Participant: 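First, the structure itself, so that you have it in front of you.
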There are 2 protein chains.
Amino acid sequence: MRLSSPGLNHQSQEGEKKCLNSELWHACAGPLVSLPSVGTRVVYFPQGHSEQVAASTNKEVDSHIPNYPNLPPQLICQLHNVTMHADVETDEVYAQMTLQPLSQQEQKEVYLLPSELGTANKQPTNYFCKTLTASDTSTHGGFSVPRRAAEKVFPPLDYSQQPPCQELIARDLHDNEWKFRHIFRGQPKRHLLTTGWSVFVSAKRLVAGDSVLFIWNEKNQLFLGIRRASRPQTVMPSSVLSSDSMHIGLLAAAAHAAATNSRFTIFYNPRASPSEFVIPLGKYVKAVYHTRVSVGMRFRMLFETEESSVRRYMGTITGIGDLDPVRWPNSHWRSVKVGWDESTAGEKQPRVSLWEIEPLTTFPMYPSPFPLRLKRPWPTGLPTFPGMLLR
Amino acid sequence: MRLSSPGLNHQSQEGEKKCLNSELWHACAGPLVSLPSVGTRVVYFPQGHSEQVAASTNKEVDSHIPNYPNLPPQLICQLHNVTMHADVETDEVYAQMTLQPLSQQEQKEVYLLPSELGTANKQPTNYFCKTLTASDTSTHGGFSVPRRAAEKVFPPLDYSQQPPCQELIARDLHDNEWKFRHIFRGQPKRHLLTTGWSVFVSAKRLVAGDSVLFIWNEKNQLFLGIRRASRPQTVMPSSVLSSDSMHIGLLAAAAHAAATNSRFTIFYNPRASPSEFVIPLGKYVKAVYHTRVSVGMRFRMLFETEESSVRRYMGTITGIGDLDPVRWPNSHWRSVKVGWDESTAGEKQPRVSLWEIEPLTTFPMYPSPFPLRLKRPWPTGLPTFPGMLLR
DNA sequence: GTGTCGGCCGTCTGCCGACAA
DNA sequence: TTGTCGGCAGACGGCCGACAC
């Protein structure tokens, strides 16, 4: 007889752990990820959402997925709720957002109201992130802590002891406690995590190439998180619903919400998604309407480095136009074709969105003379590329 | 060094391993699961599909999911394709089916054609299934093989040797080889799997309560599969798409296919789904139109036992009517309210579908006098419960 | 007939400094 | 400064029959 096994309290996978540590979530998500603030207005891109599903199921959007002609390529929404989550199995971070498309009337008034540029991302100050080496993940030994990292984020050791050591207790995203013996020994001296480390490695199923990060906050609390090496294959178990149905579901949910001005829920998985697809309205408006771009123009764009910091890559705009003229005409999603300066950047996306880049102008930046009030109601109508608007 | 187990070919989760062992798949799916044959006509129930998603995501269908008024509660479809699959991570078995709703005209002619009752389920003959004990999964020892099982499904040992032993090689659903030392020893003598067993247990992450099964087929090949104890927590990582969107997706995909008579794809996960939701047309027609049921009538229904065999439970029909009169009026899905004889059956579903039960008639079963040709076009129209039809 | 245990041996885990990159 | 290794001691994996249910 197939019965559900008792004991485990499963019901509350989500909904209970609402208040997980925000600093830790952001640290795991990476330096480039920022979440829009509750109560603000955002622009939601079904295309970007679709890309997230495609990346996760490792399957392209099939051509026989129905069109949703009444679903615009971007939806201005009120952001009612944002909660941070972490997958119980994999520790993947993701955010749940509740969006409500503005009414037609409200959409027109959008430019009369101040619009938010989005909060800056708050990466913790006292933290470090290390990519695990073969030795770190081997059963032969412990974890070698980079010296500066240990001195910055671990409680100070009593160096008069020989060897100096202490017990560290760190909490992960699920509020589980992990205990480590932190010791400063060897010749030359180095910081190591010994007892407790291997338990952590096997529990989290870490392998060489994955990253671990520690945070030391103002309340003298220690947190730790993980970032898995992007195994090309984080294929989500689709043993229950076909990827086609998932794509359709996302589109239908958005279309229904748009038609009825009702709320809908989306999940944003920053490390699975190629790009953010919920953009603060102000950031969008500024990039699309108040920035002059044209073919041949040079630009900079931020990327995350291996060591979880950011660096800029340079490139040149090679074209402007629809990514998918059939399904998503007149969309600003990845409307900019680009070429990258460095040959090592060969794997970078050949198309970006306007709000992702920072155009380099030879002439000084000036406050936009363009009136905030548009003459034509928006977002209905013809293609509205910046070049046309700034005529 | 602790490395991710080599050899796993991740890239080809689906698509490649089309021809996985059918016997093994059915053994893992259980004795009650049967798949309709390719080329036949089936009845697809969006409600049942929805229940599968609800069970997997552990979330009820939200009330704000849009209605699909043009999506009937059952869809007669041509079954174009059925492939058996197994989840790479968990070994969960599931089937992918390609369905094509019949045209309106074809739907009317359904009863003029012979309809298939569905193939009987083919459980392998030489197989056994054992629920793992604490000792079986402990690191302290190996696997204790039930005597009859060993004699039935393992190659015979040479009992003149002391102790008799041999090397067994078995293949799993992914065609991976597993080697075990099979020995007959101890006082009293018993069959054991020793060397190789613990590797298997840890690789498959088996725990006490899970089941393992072995098959010995006609070609003298040995296969093995697993069935996890239904941790209600096979919650699929929904870090990418909300369960609402999944529900909508399934409905929208079916609605679109119904409207355009085009093909759509569904996944059927027999151990995650509360009930089958793709039913052979003949089985459906027989149950719904050629069987007389009424309140107070007694019936039998098959269930799977702990030991992977089947037994009948008895019950009484307590009511007949819509499960969800608002969303799914006039549906035959779980239209029968029942009470179960045994108090231990308290967790059994209070509602079943007609094709799941075997009504007990005090009067002899007679060939249905009901004409095969319906007067009223079907499936449009008013509720068509058997009682009304047999007036 | 089979689940669990004590006993016993061998392998591997895991802590140490050496050494080199 | 830190990744990997050889050395070593102790823990645990894993094979055995005893024993009980």
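Convention: sequence-line order gives letters A, B, ...; per-chain numbering from 1. In this text, all values refer to a predicted model and were calculated from it rather than measured experimentally.
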Participant: In whole angstrom, give the distance that lies between atom CZ of A:Phe180 and atom C1' of C:dG14.
Facilitator: 15 Å

Participant: With sequence neighbours excluded, tell me which residues meet side-chain hydrogen bond (donor to acceptor under 3.5 Å, both in side chains) with B:Thr133.
Facilitator: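 By the side-chain hydrogen bond (donor to acceptor under 3.5 Å, both in side chains) rule, B:Thr133 matches B:Asp136.
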
Participant: Got a sec, which residues hit side chain to side chain contact (heavy atoms under 4.5 Å, CB included) with B:Ala170, two or more places apart in sequence or on another chain?
Facilitator: B:Phe214, B:Leu222, B:Leu224

Participant: Which residue pairs pass the side chain to side chain donor-acceptor pair (under 3.5 Å) test with at least one member in residues 153-166 of chain A, sequence neighbours excluded?
Facilitator: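 Matches after skipping sequence neighbours: A:Asp158-A:Ser160, A:Asp158-A:Gln161, A:Gln166-A:His182.
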
Participant: Whole-Å distance between D:dG3 C1' and A:Asp136 CG?
Facilitator: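 The answer, rounded to whole Å, is 8 Å.
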
Participant: Can you list the residues that meet the side chain to side chain contact (heavy atoms under 4.5 Å, CB included) rule with B:Val310, with sequence neighbours excluded?
Facilitator: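 Checked B:Val310 against side chain to side chain contact (heavy atoms under 4.5 Å, CB included); matches are B:Pro31, B:Leu32.
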
Participant: For B:Trp216, what residues pass the ring pair (Phe, Tyr, Trp, His ring centres under 6.0 Å) criterion, not counting sequence neighbours?
Facilitator: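 So B:Trp216 forms no ring pair (Phe, Tyr, Trp, His ring centres under 6.0 Å) with any residue.
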
Participant: What is the distance from CZ of A:Arg148 to C1' of D:dT2, rounded to the nearest Å?
Facilitator: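 Checked: the CZ to C1' distance equals 14 Å.
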
Participant: Could you give the CZ-to-C1' distance, from A:Phe143 to C:dG14, as a whole number of Å?
Facilitator: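 Rounded to the whole Å, the gap is 17 Å.
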
Participant: Assign a letter to each nucleotide of nucleotides 14-20 of chain D from its 5' end: B, base within under 4.0 Å of a protein heavy atom; S, sugar-phosphate only; -, no contact.
Facilitator: BBBBBBB

Participant: Apply side-chain hydrogen bond (donor to acceptor under 3.5 Å, both in side chains) to B:Glu356 and list each qualifying residue two or more places apart in sequence or on a separate chain.
Facilitator: B:Ser275

Participant: Five pairs per end, C1' atoms only: what is the angle between the end axes of the helix from C:dG1-D:dC21 to C:dA21-D:dT1, to 10 degrees?
Facilitator: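 Answer rounded to 10°: the end axes differ by 40°.
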
Participant: Check the angle between the aromatic planes of A:Tyr94 and A:His85 and answer parallel, tilted or perpendicular using the 30° and 60° thresholds.
Facilitator: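 Taking A:His85 first and then A:Tyr94, their aromatic rings lie parallel (interplane angle under 30°).
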
Participant: Between P on C:dC15 and NE2 on A:His182, what's the gap in Å once rounded to a whole number?
Facilitator: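 So the two atoms are 14 Å apart, to the nearest Å.
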
Participant: Roughly, in whole Å, what's the span from CH2 in A:Trp197 to P in C:dC15?
Facilitator: 12 Å

Participant: What's B:Ser135 touching, base or sugar-phosphate or nothing? Going by heavy atoms closer than 4.0 Å.
Facilitator: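 It contacts base atoms.
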
Participant: Show every salt bridge (charged side-chain N to carboxylate O under 4.0 Å, His left out) that has at least one partner inside residues 176-189 of chain B, sequence neighbours left out.
Facilitator: B:Arg171-B:Glu177

